[in-house]
Amino acid sequence: QVPLVESGGGLVQAGGSLKLSCTISAGARDMYAMGWFRQAPGKEREFVAAISVAGTMKNYARSVKGRFTISRDNAKNTVYLSMSSLQPEDTAIYYCAARNAVTGTYYTTQHEYPYWGQGTQVTVSS
């Protein structure tokens, strides 16, 4: 098991910004591709963004492209999701996910990730 700890969620007004963080356990030594997913009330969990081990390859859901940015700092074992121009429909629990990977690969489906964080709530008010 690879513990993932998310932080940075909260309440923000429409049009505002938030930055989520996900830190991989300091004991983890393997290389991990990372992803962010979200689950809104009454809906299934959906893909948001993904990043390769080295951070050179990224992919975004169409609904967030141009507003969200995924990045990582491997020296800190941390991946970030910077969210701007937030809208009420972005309200959800946001989860980070990790899987062992080789450099240059990212993954966009839930079943490809064996390790998950506990989730952090993002609420956007209108």
Side-chain angles (χ1 to χ4, degrees):
Q1 188 68 20
V2 176
L4 305 174
V5 180
E6 299 132 332
S7 61
L11 173 64
V12 64
Q13 289 188 332
S17 301
L18 279 176
K19 186 174 183 178
L20 307 182
S21 300
C22 175
T23 300
I24 307 169
S25 168
R29 291 290 181 261
D30 293 334
M31 298 186 296
Y32 296 94
M34 303 294 293
W36 286 98
F37 293 77
R38 67 185 182 185
Q39 187 167 20
K43 296 186 177 181
E44 295 188 352
R45 190 159 55 184
E46 65 177 4
F47 168 74
V48 176
I51 189 167
S52 61
V53 170
T56 54
M57 300 289 289
K58 304 177 184 181
N59 190 268
Y60 298 93
R62 188 175 302 177
S63 59
V64 307
K65 199 167 187 177
R67 300 188 299 123
F68 291 12
T69 301
I70 189 170
S71 60
R72 67 189 299 160
D73 183 340
N74 286 341
K76 296 181 179 180
N77 289 335
T78 300
V79 63
Y80 304 98
L81 186 68
S82 299
M83 306 182 293
S84 62
S85 300
L86 284 162
Q87 298 302 315
E89 51 266 34
D90 295 315
T91 295
I93 299 174
Y94 284 71
Y95 298 89
C96 70
R99 65 160 288 156
N100 299 91
V102 298
T103 303
T105 306
Y106 59 75
Y107 303 86
T108 61
T109 57
Q110 299 181 53
H111 70 87
E112 294 177 294
Y113 289 94
Y115 309 118
W116 291 81
Q118 80 285 354
T120 185
Q121 177 70 48
V122 172
T123 303
V124 185
S125 63
S126 57

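Residue pairs satisfying the ring-ring contact (aromatic ring centres under 6.0 Å, His included) criterion with at least one member in residues 92-113, sequence neighbours excluded, are listed as follows: Phe37-Tyr113. Residue pairs meeting the disulfide bond (SG atoms under 2.5 Å apart) criterion with at least one partner in residues 37-79, sequence neighbours excluded, do not occur; the list is empty.
The distance from atom CG of Asp73 to atom OG1 of Thr23, rounded to the nearest 0.5 Å, is 9.5 Å. Rounded to the nearest 0.5 Å, atoms CD1 (Ile70) and SG (Cys96) are 9.5 Å apart. With rounding to the nearest 0.5 Å, the separation of CD in Gln110 from CZ in Arg45 is 4.5 Å. A distance of 7.5 Å separates OG in Ser84 from CZ in Phe68, rounded to the nearest 0.5 Å. Between the CZ atom of Phe47 and the OH atom of Tyr60 there is a distance of 9.0 Å, given to the nearest 0.5 Å. Within the model, atoms CD of Gln13 and OG of Ser126 stand 9.5 Å from one another, a figure rounded to the nearest 0.5 Å.
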Before giving the answer on side-chain contact (heavy atoms from CB on, under 4.5 Å), spell out for Ile93 and Thr120 the whole-Å C-alpha distance, their side-chain angles and the decisive distance to 0.1 Å.
CA-CA 5 Å; Ile93 299 174; Thr120 185; over 6 Å; no
Using side-chain contact (heavy atoms from CB on, under 4.5 Å), reason through Thr91 and Gln121 one step at a time and then give a plain yes or no.
CA-CA 8 Å; Thr91 295; Gln121 177 70 48; 4.0 Å; yes
Step by step, would you call Glu6 with Leu20 a side-chain contact (heavy atoms from CB on, under 4.5 Å)?
CA-CA 7 Å; Glu6 299 132 332; Leu20 307 182; over 6 Å; no
Go through the steps for Asp90 and Arg67 under the test side-chain contact (heavy atoms from CB on, under 4.5 Å), then give the verdict.
CA-CA 11 Å; Asp90 295 315; Arg67 300 188 299 123; 2.8 Å; yes
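In terms of hydrophobic clustering, with Ile, Leu, Val, Met, Phe, Trp and Tyr side chains grouped at heavy-atom distances under 4.5 Å, Leu18 and Val48 are assigned to a common cluster. Under the 4.5 Å side-chain heavy-atom criterion for ILVMFWY residues, a single connected hydrophobic cluster contains both Leu81 and Leu86. One hydrophobic cluster, built from ILVMFWY side chains closer than 4.5 Å, holds both Val2 and Met34.
Across Ser17 and Ser85, no two heavy atoms sit closer than the pair OG-N, 4.4 Å. Summarising the geometry of Ala33 relative to Ala101, their closest heavy-atom pair is CB-CB, 3.7 Å, with the distance given to 0.1 Å. What you find for Ser125 and Pro88 is that their closest heavy atoms are C-CG, 4.5 Å. Minimum interatomic distance between Tyr32 and Tyr115 (heavy atoms only, all atoms of both residues): CE2-CE1, 3.9 Å.
The environment of NZ in Lys58 is crowded: more than 12 heavy-atom neighbours from other residues, nucleotides or ligands sit within 6.0 Å.
Under the salt bridge (Lys or Arg N to Asp or Glu O under 4.0 Å) criterion, Glu46 pairs with Arg38, not counting sequence neighbours.
Remark: the backbone N or O of Glu112 is paired with a side-chain donor or acceptor of Arg99 at under 3.5 angstrom. Of the possible donor and acceptor atoms, none in the side chain of Gln87 sits under 3.5 Å from a partner among the backbone N and O of Val124. Asn74 contributes a side-chain N or O that, together with a main-chain N or O of Val53, makes up a donor-acceptor pair within less than 3.5 Å. Side-chain N or O atoms of Thr78 include one that pairs as donor or acceptor with a backbone N or O of Lys76 at under 3.5 Å.
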